[in-house]
Amino acid sequence: MVLELVTVPCRADNYAFVLHDPQTGATAVVDVPDAAPIRATLAERGWGLTDILITHHHNDHIDGVAELVAETGAKTWGNGADAARLPHLDHDVRDGNSIRIGNETGQVIEVSGHTIGHIAFHFPQSAMAFTADSLMALGCGRLFEGTPAQMYDSLTRLAALPPETIIGSGHEYTASNAKFALTIEPGNAALISRSKAISAARAEGRPTVPSTLRDELETNPFLRAHIPTVKTHLGMDLAPDVEVFAEIRARKDRF
Ligand code: ZN
Ligand code: FE
């Protein structure tokens, strides 16, 4: 059985994800930028919130958690190593630990880089991964706390998931990410066509999140530091992949 997935726009450009197991009625939300849009999504469908999955400590991912806990009694899951900066955690989950939503079991993947202690949630049966501000649609999160090597390691682990995996990331940044990606790979045909699709989607107000890992592998510059044509374009033919990644990240910071 596959979890039902509802992508919920919050604030200016954040996304939360509501997951529902139709067999048991269990319903989870990944990150809570604001309580109101999550509450509305649950009410529309008649779903009762059972679990709140927290990816990292930034306000735009946790501000609505306390309100939803107070209203629903939902249990929180997050990285206990970062507990001091997170809302109260009922379940301390770290890299490799399991998480259960109804009949579905997920795995926690530590993806430090954007913050130290950022985690992602992978649900293999449903082929979904929630990556927030680690792997993003055509991008990756800014390195506020971690090193390029930490983020590169995190992205490499996410890149190894099955390519059909749906990637739920935290923000609608894809249009500007596409402009940047084209400066790294102006000749990438898959990127050119994705970029057109993104412009069309945004012109109609449609979200570009979630994406699929397959699309990210083919077009996301932060997953392509090992590609010879990318290295050549940057004048870094002989550089290690992680240094190429660091250069791409530095260019994006200045873009
Ligand atoms: Zn963040
Ligand atoms: Fe964020």
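Atoms within each ligand, like the ligands themselves, are counted from 1 in listed order. In this chain, residues are counted from 1 in sequence order.
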- Item | From D21 atom CG to T27 atom OG1, the distance as rounded to the nearest 0.5 Å | 8.0 Å

Which atom of [X] approaches the Fe ion (ligand 2) most closely (N/O/S):
X: D133; result: OD2
X: H61; result: NE2
X: D60; result: OD2

- Are H91 and N97 linked by a side-chain donor-acceptor pair shorter than 3.5 Å? no

- Cut-off 3.5 Å, side chains only: do H57 and E145 have a donor facing an acceptor? yes

- Query: Closer than 2.8 Å to the Fe ion (ligand 2), do we get an N, O or S atom from H171, backbone or side chain?
  - Reply: yes

Under the 3.5 angstrom rule, does the side chain of [X] hit a backbone N or O of [Y] as a donor-acceptor pair?
X: E71; Y: L68; value: no
X: H114; Y: R142; value: yes
X: R157; Y: E110; value: yes
X: T55; Y: A120; value: no

- Excluding water, the protein N, O or S atoms sitting under 2.8 Å from the Zn ion (ligand 1) are H56 NE2, H58 ND1, H114 NE2, D133 OD2

